[in-house]
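Both counts, for ligands and for their atoms, begin at 1 and track the order of listing.
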Amino acid sequence: MSFVRLGVNVDHVASIRNLRGGTHPDPIKAAQLAIEAGADVITMHLREDRRHISEDDIKRARSLPVPLNMEMAPTEEMNDLACMIRPYACCLVPERRAELTTEGGLDVVGRLAVLQPMIDRLQGVGIRVAVFVDPELHQIESAVSLGVPAVELHTGAYAGGNDGELDRLRAAAGRAHDLGVEVHAGHGLNFANVGSIAAIPQLRELNIGHFLVGEAMFIGLADAVRRMRSLIEAARRSLSVL
Ligand code: PXP
């Protein structure tokens, strides 16, 4: 059964740093620890209000030994920055100023005309683009029509305890795979709920942040990442014996 990459999102290391306005704790140091413990990708969300990750963090993260996945809103400002910084990948996410975190997937269906030139520009400079969508077939089909190589499925509703959501995520992953794009997933994942998502056969990448940074307070970041990795691997092994 194919390998699932673990993307570790270090945004909330920067959230803690920014509470005091200094340089500690450094999200790049956290990223290095996460990589040593098994992270395959480092993910950072550069928000329009810069509430956690800064442009300087993104620039420094490019020298890390694994791919950098920059999450960002589809705005002209972010597009300009991404084209300048050139992370390995960009994941386009919706953003509202007052939200505590990303609240839903991108409405690709309603925004095709705005998204297409942005995606073309990002891909034109060699950035691999994914769009973050709710597990809805029409959103996935629209995302695929934009020519992106990957979609990231929003697992927030599943993580919030919505029972029907796992079936929707499975169906969405199957459809995305059949249409030829890579399937990623993330939001709200933790040790207790990651297994069912990691066991979706078409999955290729998970992006996990808030829980890992929180758990780091109790068991350390390296152990939290190692344990997450081993839960993902156990879920994949369970698939191969079916
Ligand atoms: N994937 C995307 C596209 C996100 O916006 C986020 C939150 O920044 C995550 C994954 C990670 O979510 P969490 O911090 O809840 O693990």
Side-chain angles (χ1 to χ4, degrees), residues 4-16 18 27 30-31 34 39-53 57-58 61 67-75 78 82 87-97 99-108 115 128-135 139-140 143 148 150-162 165 169 172-173 176 181-198 203-217 221 224-225 227-229 231-232:
V4 169
R5 297 185 293 272
L6 172 59
V8 173
N9 179 320
V10 294
D11 290 353
H12 296 301
V13 178
S15 299
I16 297 172
N18 294 359
D40 306 292
V41 172
I42 292 298
T43 296
M44 292 181 166
H45 186 168
L46 185 65
R47 296 190 72 104
E48 291 179 84
D49 63 7
R50 312 291 197 272
R51 74 173 72 150
H52 37 59
I53 292 297
D57 294 329
I58 297 268
L68 171 64
N69 172 34
M70 174 178 167
E71 294 172 353
M72 61 180 215
T75 65
M78 287 299 153
Y88 173 79
C90 274
C91 182
L92 299 180
V93 302
E95 222 176 86
R96 283 198 304 113
R97 288 265 155 148
E99 69 190 3
L100 288 178
T101 180
T102 312
E103 285 168 353
L106 198 61
D107 175 21
V108 185
L115 292 170
R128 192 174 158 79
V129 180
V131 286
F132 189 47
V133 289
D134 288 323
Q139 294 292 354
I140 287 159
V148 293
V151 292
E152 179 159 334
L153 301 177
H154 195 314
T155 54
Y158 156 76
N162 182 337
E165 204 56 20
L169 285 160
V181 295
E182 203 172 84
V183 182
H184 304 175
H187 212 281
L189 297 178
N190 57 36
F191 291 155
N193 64 20
V194 73
S196 316
I197 299 296
L203 195 79
R204 291 292 170 273
E205 181 174 310
L206 283 170
N207 284 296
I208 308 179
H210 185 270
F211 175 80
L212 289 173
V213 173
E215 191 65 10
M217 276 191 281
L221 183 60
V225 170
R227 187 154 167 216
M228 192 61 85
R229 255 246 77 87
L231 288 166
I232 294 168

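Between the side chain of Asn162 and the main chain of Ala157, no donor-acceptor pair closer than 3.5 Å is present. Looking at Tyr158, its side chain does come within 3.5 Å of a backbone N or O of Asn193 through a donor-acceptor pair.
Of all the atoms in ligand 1, the ones that sit under 4.0 Å from a non-hydrogen atom of Ile208 are 16 (O). Taking every heavy atom of Asn9 and a limit of under 4.0 angstrom, the matching atoms of ligand 1 come to 8 (O). Per-residue contacts place Glu71 under 4.0 angstrom from the following atoms of ligand 1 (heavy atoms of the residue considered): 1 (N), 2 (C), 3 (C), 4 (C), 5 (O), 6 (C), 8 (O), 9 (C), 10 (C). Close contacts between ligand 1 and Asn207 involve ligand atoms 10 (C), 11 (C) [criterion: under 4.0 Å to a heavy atom]. The His210 neighbourhood of ligand 1 comprises atoms 13 (P), 14 (O), 16 (O), with distances under 4.0 Å to a heavy atom of that residue. Ligand 1 places these atoms under 4.0 Å from at least one heavy atom of Val93: 3 (C). The distance from ligand 1 to the heavy atoms of Glu152 drops below 4.0 Å at these ligand atoms: 1 (N), 2 (C), 3 (C), 10 (C).
At least one N or O atom of Gly209, backbone or side chain, sits closer than 3.5 Å to an N or O atom of ligand 1.
Of the candidates Glu71, Met44, His210, Glu71 is the only one forming a side chain to side chain contact (heavy atoms under 4.5 Å, CB included) with Asn9.
Neither the backbone nor the side chain of His154 comes within 4.0 Å of ligand 1, counting heavy atoms alone.
Residues Arg5 and His184 meet the side-chain proximity criterion, which asks for heavy atoms closer than 4.5 Å.
Between the CG atom of Leu203 and the CD atom of Glu152 there is a distance of 9.5 Å, given to the nearest 0.5 Å.
Aromatic ring pairs are classed by plane angle as parallel below 30°, tilted from 30° to 60° and perpendicular above 60°; the pair Phe211 and Phe191 is perpendicular.
With sequence neighbours excluded, the residues satisfying salt bridge (charged side-chain N to carboxylate O under 4.0 Å, His left out) with Asp40 are Arg229.
Assignment of Phe211 to the shell around ligand 1 is not supported, since no heavy atom sits closer than 4.0 Å.
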